[in-house]
Amino acid sequence: MLIVQKFGGSSVADAAKIMRVAGIIADTFCEGNDTVVILSAQGDTTDDLLEKAAEINPHPSKRELDVLLSTGEQISVALMSMALEKMGLPVVSLTGWQVQISTNFDYGNARIRSVSTERIRQELDKRRIVIITGFQGVNGMGDITTLGRGGSDTSAVAVAAALHADKCQIFTDVEGVFTADPRKVQGARKLDEITYDEMMELASLGAQVLHNRSVEMAKRYGVNLEVLSSYERKPGTKVKEVVKNVEQMKISGIAKDTNVARIAVVGVPDEPGVAFRLFRELASAKINVDVILQSIDRNGTNDISFTVSETDYDKAMEIVQERKDTLRYKELFGDKKVAKVSIVGAGMLSSSGVAATMFEALSEAKINIQMISTSEIKVSVLIDETSADRAVQVIHNKFFN
Ligand code: ADP
Ligand code: ASP
Ligand code: MG
């Protein structure tokens with residue numbers, strides 16, 4: 001079999017952990033598998049590099065930041081290869097540009113365009129274990145690009161898809177995908193299986209266990225994906241197209257996102273074109289708007305509230321302020337201390353009252369809902385950030401106890 005294994009930052013944080021992971025890789029290889037490994041930077045290396053950059057220049061160019069951030073993964077692959085060499089195994093480390101993981105030009109958040117399999121195949125043909133840097137690629141100019149925080153998962157899935165790997169295993173510091181973050185929520189349960197669609201929603205709505213683009217890509221190319229523990233050798237969570245829903249669970253999980261801010265444009269004229277002008281300006285600045293709420297007409301005016309990521313908040317506020325004359329609103333309010341809590345589950349399609357159950361849990365806990373948004377398989381609410389952890393816990397208790 002051809003197996004792609006990815007190990008996250010905490011799994012390779014120090015020498016002892018590297019040796020343990022080397023053991024997992026060695027076993028996979030010695031069982032006769034073609035073994036390709038993707039690694040993240042050790043522990044908090046990426047954050048430390050960001051701090052180092054900020055000490056020198058608080059606003060470095062994204063290009064230079066990528067040159068810096070990509071070094072974390074290069075350290076990991078070299079050390080892991082040395083560990084395997086010490087065990088007497090044939091191994092080679094490769095960076096994203098050596099492999100030719102081609103991306104677009106979006107430094108800091110690049111998207112993978114293609115993965116060349118030539119070099120990897122050559123090395124596998126020589127019966128070597130191939131260890132590749134996650135989180136990075138090379139653009140059309142030959143510059144190093146990075147894929148966004150948590151992007152090593154996407155590197156792994158892209159390599160697995162390109163090689164038509166039999167399996168792509170994402171090893172991390174928890175046993176798999178849980179009904180909620182197992183480090184924060186009491187009683188969180190491990191899922192044996194989850195669909196690509198549900199996992200994609202959970203990842204996009206704040207469950208950091210998988211990079212959302214990795215799930216999108218796994219679905220597109222039908223990659224056989226599993227999330228499992230690098231500490232305990234037992235089955236994890238399979239992410240796939242169809243699952244057998246033995247338990248008939250109404251929801252599969254709950255996610256929290258605190259990188260959210262709310263903007264309220266109050267007292268805009270109630271006439272055609274107002275929402276269009278507002279959101280066109282934000283779109284042309286590449287600001288993603290998420291939840292939108294428009295009030296009903298009150299004496300010829302209404303209010304439009306919407307959310308953006310906290311990262312885009314200052315820019316969005318500036319744009320709306322600058323357009324006060326054309327948008328003709330009375331007041332503008334912004335709030336960064338909000339969080340989005342979401343429930344996700346394909347079971348919602350067939351059972352009614354799922355949203356009501358979520359609202360009931362929040363009502364009993366006296367947590368006020370500011371905004372609501374729904375889709376086929378998710379319900380999200382916007383609430384005060386300080387209540388977010390409690391909200392996730394009470395909703396979890398309601399659905400899973
Ligand atoms: P890695 O360094 O291996 O990429 P991450 O920190 O990116 O690991 O992701 C694993 C973490 O995701 C876990 O430690 C856990 O706290 C968090 N997490 C959040 N939501 C979930 C969930 N639903 N299931 C499992 N883990 C979750
Ligand atoms: N090292 C990178 C990060 O911390 C990529 C990853 O871990 O997936 O975001
Ligand atoms: Mg991660």
Side-chain angles (χ1 to χ4, degrees), residues 5-13 17 21 24 37-51 65-66 68-77 96 108-110 112 132-137 144-159 169-194 198-215 226-231 236-237 239 251-258 341-345 388-389 392-393 395-396 399-400:
Q5 301 185 315
K6 177 258 172 180
F7 297 89
S10 44
S11 307
V12 294
K17 288 182 174 160
V21 166
I24 299 177
V37 176
I38 311 289
L39 297 181
S40 293
Q42 292 184 279
D44 298 326
T45 303
T46 308
D47 290 318
D48 296 344
L49 290 170
L50 281 168
E51 267 175 42
L65 202 55
D66 277 359
L68 182 70
L69 293 188
S70 66
T71 60
E73 273 69 13
Q74 196 167 333
I75 294 173
S76 296
V77 297
N109 194 31
I112 296 177
I132 303 171
T133 53
F135 180 54
Q136 58 198 271
I144 296 171
T145 51
T146 67
L147 310 180
R149 298 307 304 268
S152 295
D153 300 328
T154 300
S155 309
V157 173
V159 167
Q169 300 178 313
I170 308 286
F171 289 87
T172 184
D173 57 359
V174 290
E175 285 167 31
V177 180
F178 284 67
T179 48
D181 188 339
R183 297 186 184 285
K184 301 215 175 104
V185 179
Q186 273 176 29
R189 297 191 207 162
K190 197 194 91 187
L191 302 167
D192 294 331
E193 304 182 319
I194 186 168
E198 289 170 298
M199 191 62 236
M200 211 140 67
E201 288 284 4
L202 278 178
S204 311
L205 293 167
Q208 100 206 65
V209 61
L210 283 177
H211 195 227
N212 61 352
R213 274 167 22 211
S214 72
V215 190
E226 183 176 5
V227 179
L228 64 177
S229 166
S230 61
Y231 302 101
T237 304
V239 188
I251 68 167
S252 335
I254 306 171
K256 176 191 82 169
D257 188 356
T258 51
V341 172
S342 311
I343 56 173
V344 172
D389 286 329
V392 175
Q393 186 69 60
I395 296 168
H396 195 274
F399 280 99
F400 295 103

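These numbers come from a predicted model, not from an experiment. All ligand and atom numbering here is 1-based and tracks the order in the structure.
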Exercise for the section: Report yes or no: does G151 have a heavy atom closer than 4.0 Å to ligand 2? Expected result: yes
Note the single closest protein heavy atom to [atom], along with its residue, its atom name and the distance in Å.
{"atom": "atom 6 (O) of ligand 1", "answer": "Q208 NE2, 3.1 Å"}
{"atom": "atom 4 (O) of ligand 2", "answer": "R149 NH2, 3.0 Å"}
{"atom": "atom 1 (P) of ligand 1", "answer": "T172 OG1, 3.6 Å"}
{"atom": "atom 23 (N) of ligand 1", "answer": "F178 O, 3.0 Å"}

Looking only at distances, can you tell me whether any N or O atom of [X], backbone or side chain, sits closer than 3.5 Å to an N or O atom of ligand 1?
{"X": "S40", "value": "no"}
{"X": "P182", "value": "no"}
{"X": "R183", "value": "yes"}
{"X": "V174", "value": "no"}

Problem - Within 6.0 Å of CD in Q74, more than 12 heavy atoms from elsewhere - result: no
Completion exercise
Note: E175, heavy atoms under 4.0 Å from ligand 1, region reported as neither
Fill in the blank from the handout: At under 4.0 Å between heavy atoms, what of A255 touches ligand 1? The answer is neither
Completion exercise
Within the 4.0 Å heavy-atom cut-off, what E73 brings close to ligand 2 is side chain
Exercise for the section: With heavy atoms only and a cut-off of under 4.0 Å, state how S40 meets ligand 2: side chain, backbone, both or neither. Expected result: side chain
Completion exercise
Nearest heavy atom to atom 25 (C) of ligand 1, choosing from G176, A207, G9, A41, belongs to G176
Completion exercise
In terms of its nearest heavy atom to atom 17 (C) of ligand 1, the top option of D173, D181, T46 is D181
Exercise for the section: Return yes if some donor-acceptor pair links the side-chain N/O of E175 with the main-chain N/O of G236 below 3.5 Å, else return no. Expected result: no
Exercise for the section: Mark the output for K6 as yes if a heavy-atom distance to ligand 1 is under 4.0 Å, and as no if none is. Expected result: yes
Practice task
Can you sort out which atoms of ligand 2 are near G150, meaning under 4.0 Å from one of its heavy atoms?
Solution key: 3 (C), 5 (C), 6 (C), 8 (O), 9 (O)
Exercise for the section: Check each atom of ligand 2 against the heavy atoms of S152 and keep those under 4.0 Å away; list them by number with element. Expected result: 5 (C), 6 (C), 8 (O)
Exercise for the section: Find the distance between CG (L49) and CG (L65) and round it off to the nearest 0.5 Å. Expected result: 9.0 Å
Problem - Closest heavy-atom pair and its distance - F135, G148 - result: CE1-O, 3.1 Å
